[in-house]
Amino acid sequence: MSATRVLVLNSGSSSVKYQLLDMGDGSRLAAGLVERIGEETSRLKHSPLASGGEARESDGPVADHEAALKAVAQELSRDGLGLDSPELAAIGHRVVHGGKRFTRPTVVDDAVLAEIERLIPVAPLHNPANLTGIRTAQALRPDLPQVAVFDTAFHTTMPESAARYAIDVKTADEHRIRRYGFHGTSHAYVSRETARLLGRAPEDVNVIVLHLGNGASASAVEKGRCVDTSMGLTPLEGLVMGTRSGDVDPAVIFHLTRVGEMSTDEIDTLLNKKSGLLGLCGDNDMREIRRRIDEGGEDAAPAQLAFDIYIHRLKKYIGAYYAVLGRVDAVVFTAGVGENAAPVREAAIAGLESLGLAVDGTLNAVRSGEPRLISPEGARVAVAVVPTDEELEIANQTYALVRDGNAGAA
Ligand code: ADP
């Protein structure tokens, strides 16, 4: 098959992010973002990476996802990379929730669309937007395979002991309540790249992956398979995040309902959008929190407390997953905070020498976009920084599925 290009689409509720990749040589041809869809001040930013030209930005209303995708198609056409090109092999879509059923990337057909729709109650914010993205792309290129790559798929290997909550089984099953986990594309990519960094096969290594972006999650990966992850039914569980609380006693919710007289929606907003680092100190950006701490003064104390709570939770998960795995070959940091915030990496690993974990100050201070080790030479357990690349992973998985022309729906 000569078509080697894959368009990756990540459709959020009010945004579409995209990248066009050529899987022949792994190059990135274009990338961009449409933001604030449906508002008066939508913005499109397009980077023509193939030509190395300047990024183009345009403001103006973009009514809906269909208009957004048409605008993206137009930008791509200006670079001679239009969606009508015979070189386009497939469109890969990030889909947040694939439930138990989707354990791998899947070519979209009507049954697949119906199942993604059926999962809306467990992913009310994400799956509708993902569906709109797929349907819009289908309308633009009905002849092209559309591939859904699920955030949950990598975690479907978790054993029941990790995937189930200890609540009444009948109630849980009736409402499909279990731990699904998210960021799976990133955990899959980063755990594999970590094995490569160690010069070993993914099947030979046990890795703890710490994906620390605005959303954050940890996973325990045993011989290439996920055996536990910190997010659950929704992305709210687990680590302290930019605006999400992570773990809380579920009785906090009853308390806020009964004593605080808050509605379910208010509590949902509180825990998902007004908690985490933002709720603790008023900032959700780790750069700003570090600046406040480093500058000292009155503003530093709440920032320091937020940082300490963030690190305490992170450390607890490292310890927990160390115990889950029994033997650990590497702890790896990724995503915006994990890749850039040396103080977070240093603090999270501090004091874990008896587990064979340590960070070398000089290596940790190096700024780089490359996968790298930050543990001292000869350390029993590697500590690494591996930049994530969810778009590349989606493109790889999409292309692998359609390359040989056997893109039948699963
Ligand atoms: P997401 O994809 O979840 O939106 P990212 O993985 O892009 O998030 O991470 C975004 C976060 O990364 C920002 O909120 C910011 O806190 C953090 N970040 C980015 N650069 C730095 C830096 N140099 N130092 C500390 N934190 C950083």
Side-chain angles (χ1 to χ4, degrees), residues 8-19 31-36 45 94-96 123 125-126 129-130 149 151 181-190 193 209-219 229-231 234-246 272-295 302-304 306-311 313-314 332-348 359 364-372 374 385-394:
V8 175
L9 286 181
N10 181 352
S11 307
S13 54
S14 65
S15 70
V16 173
K17 287 187 204 147
Y18 62 94
Q19 277 194 18
L33 164 73
V34 188
E35 286 176 295
R36 302 196 291 268
K45 186 169 178 193
R94 174 183 182 222
V95 179
V96 167
L125 293 180
H126 295 104
N130 302 156
V149 179
D151 254 23
F182 299 89
H183 291 145
T185 309
S186 175
H187 286 283
Y189 175 83
V190 169
E193 288 301 305
V209 181
L210 306 169
H211 175 112
L212 311 177
N214 216 344
S217 63
S219 69
T229 194
S230 59
M231 285 178 167
T234 76
L236 183 54
E237 193 180 342
L239 301 176
V240 175
M241 311 183 209
T243 66
R244 295 188 199 122
S245 61
N272 272 299
K273 304 218 166 108
K274 298 183 181 170
S275 296
L277 295 170
L278 181 71
L280 288 166
C281 74
D283 274 309
N284 65 332
D285 191 318
M286 189 53 81
R287 281 167 289 206
E288 200 50 28
I289 291 170
R290 287 307 314 173
R291 189 192 59 75
R292 284 168 60 180
I293 294 170
D294 293 342
E295 282 179 6
Q304 182 71 59
F307 185 81
D308 292 347
I309 295 170
Y310 183 95
I311 295 296
R313 185 82 52 84
L314 196 53
V332 55
F333 290 86
T334 193
V337 175
E339 290 166 29
N340 296 299
V344 168
R345 299 191 295 255
E346 184 190 334
V359 161
N364 192 34
V366 173
R367 297 193 61 82
S368 155
E370 294 298 313
R372 58 202 184 271
I374 57 168
V385 180
V386 173
T388 191
D389 196 336
E390 289 167 279
E391 287 77 16
L392 177 62
E393 180 69 13
I394 292 173

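Just so you know, these numbers use all the heavy atoms, side chains as well, and skip hydrogens, waters and symmetry mates. Counting starts at 1 for both ligands and their atoms, following the listed order.
- When each atom of ligand 1 is checked for a heavy atom of Ala335 under 4.0 Å away, the hits are 6 (O).
- Scanning Met241, His183, Arg287 for the heavy atom closest to atom 13 (C) of ligand 1 points to Arg287.
- Nearest non-hydrogen protein atom to atom 17 (C) of ligand 1 is Val337 CG2, 3.6 Å.
- Per-residue contacts place Ala341 under 4.0 angstrom from the following atoms of ligand 1 (heavy atoms of the residue considered): 25 (C).
- If you check which protein heavy atom lies closest to atom 23 (N) of ligand 1, you get Asn340 CB, 3.3 Å.
- For ligand 1, the polar-atom distance check against Gly213 finds no nitrogen or oxygen pair separated by under 3.5 Å.
- Taking every heavy atom of both residues into account, Arg345 and Gly338 meet most closely at NH1-O, 2.9 Å.
- Polar contact check, His211 against ligand 1: no nitrogen or oxygen pair lies under 3.5 Å apart.
- For ligand 1, one of its N or O atoms has an N or O atom of Gly336 under 3.5 Å away.
- When each of Asp151, Val96, Thr234 is checked for a side-chain contact (heavy atoms from CB on, under 4.5 Å) with His126, only Val96 meets the rule.
- The protein atom (non-hydrogen) at minimum distance from atom 26 (N) of ligand 1 is Met286 CB, 3.5 Å.
- At least one side-chain heavy atom of Tyr310 sits less than 4.5 Å from a side-chain heavy atom of Val337.
- Of all the atoms in ligand 1, the ones that sit under 4.0 Å from a non-hydrogen atom of Gly215 are 3 (O).
- Nearest heavy-atom pair across Ala341 and Met286 is CB-CG, 4.3 Å.
- Note on ring orientation: taking the six-membered ring where Trp is involved, the planes of His211 and His183 are parallel (angle under 30°, cut-offs 30° and 60°).
- Looking only at protein heavy atoms, the nearest one to atom 15 (C) of ligand 1 is Asp285 OD1, 3.3 Å.
- The environment of Glu339 atom CD is dense: over 12 non-hydrogen atoms of other residues, nucleotides or ligands sit within 6.0 angstrom.
- What you find for Ala218 and Leu210 is that their closest heavy atoms are CB-CD2, 3.7 Å.
- In this model, no donor atom of one side chain and acceptor atom of the other lie less than 3.5 Å apart for Arg244 and Asn214.
- Ranking the protein heavy atoms by distance from atom 8 (O) of ligand 1 puts Asn214 N, 3.2 Å first.
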